[in-house]
Amino acid sequence: MRILNLYYSSTGNTALVAERIDQVIRDAGHTLDSIRIDKETVVDLLAYDFVFAGSGVYAWLPGKPMQNLFEQLRRTYVEDGAIKPASPKLTGKYAVLYCTYGGVHTGINEAIPAIKYMGQLFDHLGFHILAEWYVVGAYRLEKMQAMSRDGRLGDISDRPNEQDLRHIAEATRGILRI
Ligand SMILES: Cc1cc2nc3c(=O)[nH]c(=O)nc-3n(C[C@H](O)[C@H](O)[C@H](O)COP(=O)(O)O)c2cc1C
């Protein structure tokens with residue numbers, strides 16, 4: 001099984017989640033490509049059977065570098081015919097989407113558009129979307145730290161914490177059983 005973990009992380013929270021996912025996959029005896037997205041990233045999602053895709057949430061969406069990559073991929077897959085009308089499902093292609101988010105204003109509702117945005121590329125290609133994981137992540141920028149205390153989710157200064165990462169590890173172990 002060819003496995004990819006593709007993620008964008010600006011302030012490190014999503015990277016912590018991604019690293020835990022990587023570790024569980026390796027401990028289960030698989031190899032994987034783990035790619036932290038930057039401006040240079042080139043990838044073919046269709047080269048993999050199982051893709052984990054994650055990002056921090058910024059203004060309700062994944063980070064700009066991930067949006068740019070997904071837009072490039074969407075265009076390429078439309079041009080080469082991989083995105084077909086009615087998006088027929090592909091056998092043996094699975095995706096798991098995850099994000100970290102602060103939710104200072106409206107809680108998890110701020111993160112839902114980011115997950116749905118990422119999911120659309122996989123859905124268009126015909127991947128089966130197995131799960132959507134929402135992990136709380138503190139606002140790490142100095143000027144935003146009050147948002148980690150005063151928002152709708154309460155004090156999230158230490159998130160993602162070890163308990164969050166243990167949940168992700170368990171969920172990853174579970175999803176690999178399919
Ligand atoms: C510039 C900026 C904008 C953000 N905007 C949102 C937002 O709209 N909604 C939200 O829930 N969290 C928002 N957050 C919180 C991040 O989603 C959260 O800190 C996340 O864990 C960051 O992931 P990263 O450390 O992997 O970059 C924002 C954080 C920053 C720094």
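Read the numbers this way: they start at 1 and go in the same order the structure lists the ligands and their atoms. Keep in mind it's a predicted model, so treat the numbers as computed, not measured.
Between Phe127 and the choices Val51, Leu121, Val96, the side chain to side chain contact (heavy atoms under 4.5 Å, CB included) rule is met once, by Val51.
A side-chain donor from one of Thr100 and Thr14 sits under 3.5 Å from a side-chain acceptor of the other.
Salt bridge annotation for Glu79-Arg75: absent, with no cationic side-chain nitrogen under 4.0 angstrom from a carboxylate oxygen.
Following chains of ILVMFWY side-chain contacts shorter than 4.5 Å, one cannot reach Leu97 starting from Leu130, and the two form parts of different hydrophobic clusters.
A heavy-atom cutoff of 4.0 Å around ligand 1 is satisfied by the protein residues Ser9, Ser10, Thr11, Gly12, Asn13, Thr14, Gly56, Val57, Tyr58, Ala59, Trp60, Thr100, Tyr101, Gly102, Gly103, Glu110, Gly137, Ala138, Tyr139, Leu141, Met144.
Taking the six-membered ring wherever Trp is involved, the centroid distance between the rings of Phe52 and Phe50 falls below 6.0 Å.
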Report all side-chain donor-acceptor pairs from residues 35-42 shorter than 3.5 Å, counting only partners two or more places apart or in another chain.
from, atom 1, to, atom 2, distance (Å)
Arg36, NH2, Ser9, O, 2.8
Asp38, OD1, Glu40, N, 2.8
Asp38, OD1, Thr41, N, 3.3
Asp38, OD1, Thr41, OG1, 3.3
Thr41, OG1, Asp38, N, 2.8
Thr41, OG1, Asp38, O, 3.1

